[in-house]
Amino acid sequence: MITENKVDRSKLMDVIWDIQRKKFQITHDDISKIAQEFDMSRMELEGIVTFYHFYHRTPCGKYTIYLNDSIVSEHSGRPEVLHAFEEALGIKLGRITADGTFGLFKTPCIGLSDQEPSCLINFKPFTNLTPEKVRDIIGRLRNGEKPSKICDKPKTNIRYTPEPERTVFFKPYTTYSSLDKLNEYEPSEVIELVKKSKLTGRGGAFFPTGLKWQFCSQNEADIRYIICNADEGEPGTFKDRVLLQEHPELLIEGMILAAYAIGCSQGAIYLRAEYMYLKKELESLLEEYRNNGYLGKDIKAKKPFDFDIYIHMGAGAYVCGEETALIHSMEGKRGEPSTKEYFPVEKGFNGKPTVVNNVETLCAVPRILNMGLDKYLTLGTEQTPGTKLLSVSGDCGKPGLYEIEWGMKLREFLKLIEARNTKFILFNGYAGECLSEADFDREISGKNLLADDDLLHFKDTEEYTQKMSGKGLRAGGSVMIFNKGRDLLHVLKNVADFFVAESCGICVPCRTGNFLLNKKIDRIKLGHGEEKDLEEIKEWSKIIKTTSRCGLGKMSSTALNDAIFKFPEVFGTILSENTDFNKAFNLDDATIDYDHIINEMTSDYD
Amino acid sequence: MTKMVNLKIDGKPIQAEAGMNLVDVAKQNGIYIPTLCYFKELNPLATCRICTVKVNGKEITGCTVKVAEGMDIEVTTPELLDNRKAIIEMLYAEGNHFCPSCEKSGNCDMQNLGYDMGITVTRYPHVFSDKIVDFNPKRMIMESNRCILCKRCVEEVKTKDGKDVFSFVQRGVKTRVQIDYEQEANLTEAEAIHAMNICPVGAILVKGMIHEQPFGERKYDLLGKDIKPVVKKDPLRQRDGGKFIVATTSLAGCFGCHMSLLDIDTELLDVLELVEFNKSPLTDIKKFSKQCHIGLVEGGCSNSENVEVLREFRKKCDILVGFGECAIMGGIPAMRNFVPLKECLDEAYLNGVTTEVGADVVPGHEDIPKLLNNVYPCNEVVKIDYYIPGCPPNAQHIWKVVKSILLGEEFSIAHDEFKYD
Ligand SMILES: Cc1cc2nc3c(=O)[nH]c(=O)nc-3n(C[C@H](O)[C@H](O)[C@H](O)COP(=O)(O)O)c2cc1C
Ligand code: SF4
Ligand code: SF4
Ligand code: SF4
Ligand code: FES
């Protein structure tokens with residue numbers, strides 16, 4: 001991208017990536033060199049490098065293994081797989097082998113939750129791991145085989161779509177067909193169409209897409225940008241990956257349509273590093289579009305226009321999915337969310353009006369254009385027409401991807417995915433709600449009638465069920481199922497660890513608040529918990545929620561609070577019954593060493 | 001012509017120039033929105049979140065709001081006040097602030113807000129994070145223990161050719177400010193002092209410039225004096241002839257805390273007007289003869305007898321107070337937690353330089369209390385209601401806590417008592 005500066009900071013992350021891939025670390029000298037090249041202080045660069053967890057300041061091994069750390073992976077057998085890795089390599093998690101060949105690290109969800117346990121080796125995917133498979137992989141790598149040759153191709157696992165004429169995403173598509181329609185549309189007509197379709201953002205915030213585009217197009221500027229958010233960091237979500245695997249052309253055309261509508265001349269796809277294996281194909285597809293005159297200069301349309309797209313690789317930071325953090329990251333900065341003084345449509349990338357849209361949002365646009373508005377509006381519910389992609393993982397018969405019409409009842413959906421004995425669901429990932437049986441009669445829709453604080457107004461789950469059944473359940477994309485055998489607290493601990501690791505650190509309520517909530521969970525897990533701890537969790541969560549800068553802090557404690565509300569019996573039995581005396585302390589256990597020592601000594605004398 | 005807009009702050013109708021910063025508008029109209037990171041209208045940093053207000057019912061940081069027609073703004077609701085207090089408390093819990101020895105004390109924006117809000121103790125457990133104090137820069141010291149990550153230095157201090165001197169490194173709880181040595185060396189003396197001055201707390205220090213201003217004559221020294229303790233409605237009921245019953249004990253401690261108890265000298269006589277001691281080393285009463293109002297516990301649990309005594313105290317005292325570091329976190333005795341018990345015993349009874357030749361026996365008898373695997377702080381064994389930190393805690397503070405509990409006053413350390421410098 002062109003900027004006025006002498007150096008183009010947006011290239012910075014690519015430069016760091018090049019070195020990371022070549023040398024398996026960023027050395028002190030590299031920092032000095034890059035800092036000089038980009039005309040910044042060493043420490044500023046250090047701040048950027050240490051922000052992203054896939055950049056390493058110390059060697060990370062010629063083969064860098066990242067094992068998924070999410071709870072679904074753990075439930076699918078991650079501990080045995082980890083053990084197999086540790087044994088085969090002779091190192092512990094977080095270490096590299098003495099010869100520097102292998103490094104073994106953990107990383108949050110890598111978007112393969114329906115084929116766990118899985119890992120990335122040099123960013124190539126390996127799925128459905130078993131201890132045998134691990135030993136085989138390590139053996140072959142030792143024999144000099146390349147990760148790219150022996151890796152798996154992630155399955156798309158598309159389990160369900162409505163009947164073909166009611167399907168939006170997963171059905172055959174004729175490349176370029178939507179773009180050829182641009183001869184009939186003025187830019188403003190495209191915006192109008194998207195507005196009428198009631199399409200809302202599928203990245204989780206549900207902002208009306210047409211309106212966002214309109215705002216951006218109305219802001220005077222010499223250049224406007226469209227960015228596709230393919231950071232898909234929410235644990236348990238993999239719908240964007242499947243779209244990129246199955247229908248990348250929809251995304252590209254969606255971006256071209258958006259660019260035409262808004263008047264953007266530059267586009268970018270912010271692709272999470274975990275999906276690096278999709279980059280090559282995407283790039284060659286972009287080249288195809290260029291060669292056929294659909295990208296580049298003078299793109300054919302009622303009003304011909306210039307537009308091109310490039311791919312920006314992320315480097316491991318969940319918060320970069322937040323649109324303003326994403327923009328900072330693209331500008332070659334630390335991925336911290338902005339102060340929210342301006343929306344990206346006012347001042348976004350390089351200070352220019354920018355639209356950030358999720359992959360699914362953009363993919364829907366060419367389909368709506370082709371399908372026609374009238375047809376599209378008959379799908380789903382009246383307020384939220386269309387279909388929704390849900391990534392399903394965890395304890396069910398058929399994990400994978402589901403395209404459903406909005407409005408399906410959760411209970412029906414659970415039947416569809418063959419979930420039995422379900423105890424709770426993490427709905428919309430770690431930043432989402434924790435659902436229990438009390439929610440099963442709600443319908444999956446794009447509208448959520450439950451304001452954030454409403455939970456507090458219900459006496460108990462019974463009243464909650466009564467009032468909430470049939471109420472909309474806003475679905476972002478991730479559905480993680482947990483059956484009656486799973487330990488709720490253990491799951492919540494995994495969630496809390498995730499947010500402590502992923503907070504950007506800019507604001508204290510999120511930075512330290514989440515850390516303190518995590519400690520509370522530890523306390524309860526250890527059996528030190530009291531009624532007062534639950535009260536404090538609720539109060540502190542509220543403070544964190546209301547004072548945090550971005551959605552991460554605002555949502556991080558939702559599942560925890562839902563769980564406390566919906567599973568009083570679980571928490572009740574964990575808390576110390578008699579809080580005056582700490583149940584976790586057992587005098588016999590605490591004197592066991594002493595007894596041993598004395599016993600040993602006295603038996604010696606005999 | 002600038003456009004005027006009408007808005008409401010806490011119900012008060014106000015006219016202001018459109019687009020002006022809310023914090024400034026409020027100030028002009030006599031309404032105080034506390035701020036910590038905000039200091040330049042052009043570039044609000046919005047990192048500290050203290051200025052969080054409600055605009056049309058939605059929480060947002062005041063320093064990033066530009067006033068517009070019809071805004072309905074809440075600033076001083078109980079909930080928002082508590083949020084602000086909570087954030088300051090969290091900042092104290094996250095860092096390691098020891099005001100009595102801090103160069104910025106009396107000039108510190110955060111300390112000022114702490115006094116202003118009447119904060120005496122934080123509701124959050126201390127994080128005890130490992131922070132770096134960096135003496136390496138040519139002119140400055142970076143004291144991360146006190147840094148609140150407001151980002152002022154990062155955004156404000158640049159070299160002549162526009163490079164950053166201060167940078168955030170790492171992320172999440174590990175985030176800290178790091179000085180770039182090379183760039184720092186390029187700053188002029190005046191620029192370095194500017195950096196120290198814009199830091200709202202005492203995190204950036206310029207070597208040799210620190211105690212320029214005498215203590216006691218600083219910006220915020222007079223604040224907080226007018227905060228009076230709040231009296232609760234239902235104090236504890238007195239038993240037996242109007243006196244409160246107090247018990248004390250020393251578990252695995254050095255009796256230093258008990259010595260400190262006596263340090264109030266003749267005031268002890270006033271104390272005795274109010275309380276009667278039951279089981280305590282002070283009275284040498286060995287067994288509880290009645291239920292007590294308050295139990296004061298010194299020391300942690302190192303052996304099975306400590307555990308039994310502590311449990312007995314829990315049963316016999318309505319309120320249990322842990323005083324001194326050993327009771328609160330194990331203290332000096334807990335240093336043995338890093339060494340296996342066997343090695344401790346061997347060192348003490350078999351191999352140590354002071355052991356008698358031939359007396360190579362580790363004592364073990366059913367009458368001797370058993371040593372625990374680890375030394376435990378009291379709260380890991382029973383519930384502790386209040387803690388009085390210190391090694392030992394100041395005598396005045398101990399009695400003040402006891403009195404506050406007994407008389408139902410909200411504990412607060414008056415400004416004068418608080419200041420050590
Ligand atoms: C912490 C956080 C993480 C997010 N991660 C993603 C993400 O991975 N993908 C995404 O599309 N949106 C993500 N979002 C939402 C984006 O901020 C933004 O709303 C979205 O990209 C806008 O596109 P849409 O309107 O098409 O949904 C995230 C938001 C937050 C607060
Ligand atoms: S809420 Fe958390 S992730 Fe978001 S800006 Fe604040 S610290 Fe960063
Ligand atoms: S920085 Fe302020 S609050 Fe912290 S120790 Fe110094 S004076 Fe106290
Ligand atoms: S050093 Fe001072 S100015 Fe810089 S971020 Fe920390 S508190 Fe703010
Ligand atoms: S003063 Fe507004 S966030 Fe710090």
Side-chain angles (χ1 to χ4, degrees), chain A residues 39-47 49-53 317 319 334-336 339-341 500-509 511-516 519 528 530 536 539-540 543 546-549 576 579-582 584-585 587 589-599 601-602, chain B residues 44-49 52 59-61 64 66 82-83 86-87 90-91 93-94 123-125 127 148-149 151 159 161 163-175 178-180 182-183 304 307 311 314-315 340-342 345 361-362 364 370-374 376 379-383:
Chain A
D39 199 27
M40 57 169 77
S41 79
R42 280 198 74 244
M43 218 38 85
E44 186 185 0
L45 182 60
E46 187 88 47
V49 170
T50 53
F51 187 87
Y52 301 95
H53 69 250
V319 69
R334 288 165 62 82
E336 292 159 352
T339 59
K340 302 283 149 73
E341 246 188 308
V500 170
E502 297 298 330
S503 158
C504 84
I506 261 282
C507 49
V508 65
R511 170 177 77 222
T512 295
N514 279 315
F515 178 85
L516 294 171
K519 291 275 158 244
H528 292 196
E530 303 167 19
E536 283 182 345
E539 274 167 34
W540 298 0
I543 292 163
T546 49
T547 58
S548 283
R549 181 191 275 192
S576 319
T579 54
D580 270 358
F581 297 92
N582 205 327
F585 181 84
L587 189 55
D589 290 346
T591 51
I592 219 162
D593 286 355
Y594 183 78
D595 286 340
H596 264 350
I597 295 165
I598 299 298
N599 278 345
M601 295 195 50
T602 39
Chain B
L45 301 161
T47 51
C48 79
R49 323 304 294 170
T52 299
E59 282 94 355
I60 186 167
T61 43
T64 56
K66 295 192 238 7
D82 186 59
N83 273 353
I87 292 173
M90 210 186 275
L91 285 170
E94 128 184 300
R123 72 191 73 176
Y124 304 104
V127 173
I148 55 167
L149 296 168
K151 223 179 179 185
T159 59
D161 49 356
K163 287 192 182 146
D164 287 4
V165 179
F166 299 86
S167 302
F168 275 16
V169 296
Q170 305 286 354
R171 74 168 182 226
V173 262
K174 295 205 197 100
T175 313
Q178 173 74 44
I179 295 180
D180 188 296
E182 200 184 314
Q183 307 302 334
S304 54
V307 173
R311 285 179 170 165
R314 182 67 268 181
K315 277 186 213 146
L341 183 62
K342 176 99 174 71
L345 290 170
V361 181
V362 174
K370 293 178 185 175
L371 284 178
L372 307 182
N373 304 351
N374 277 321
Y376 293 84
N379 73 329
E380 289 196 17
V381 179
V382 300
K383 180 180 167 198

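Residue numbering restarts at 1 for every chain, and letters A, B, ... go by the order of the sequence lines.
- Atoms CH2 and CZ, on A/W540 and B/R123 in that order, are 9.0 Å from each other to the nearest 0.5 Å.
- Expressed to the nearest 0.5 Å, how far CE of A/M40 lies from CG of B/D180 amounts to 11.5 Å.
- Contact tally against chain B (heavy-atom pairs below 4.5 Å) for A/D595, A/V500, A/V508: the top residue is A/V508.
- The OG1 atom of A/T512 sits 11.5 Å away from the CD1 atom of B/I87 when rounded to the nearest 0.5 Å.
- Taking the ring-ring contact (aromatic ring centres under 6.0 Å, His included) definition, one finds that A/F51 meets it with nothing, sequence neighbours left out.
- Heavy atoms of B/T175 lying under 4.5 Å from chain A belong exclusively to its side chain.
- Of the two parts of B/V173, the backbone and the side chain both hold a non-hydrogen atom closer than 4.5 Å to a non-hydrogen atom of chain A.
- How far CG of A/L587 is from NZ of B/K370: 7.5 Å, rounded to the nearest 0.5 Å.
- Interatomic distance, B/E182 CD to A/S41 OG, rounded to the nearest 0.5 Å: 8.5 Å.
- Contact of B/I179 with chain A is made through the backbone alone, with heavy-atom distances under 4.5 Å.
- If you measure heavy-atom distances from A/R549 to chain B, the contacts under 4.5 Å come from both the backbone and the side chain.
- Remark: B/K66 engages A/E341 in a salt bridge (Lys or Arg N to Asp or Glu O under 4.0 Å) (not counting sequence neighbours).
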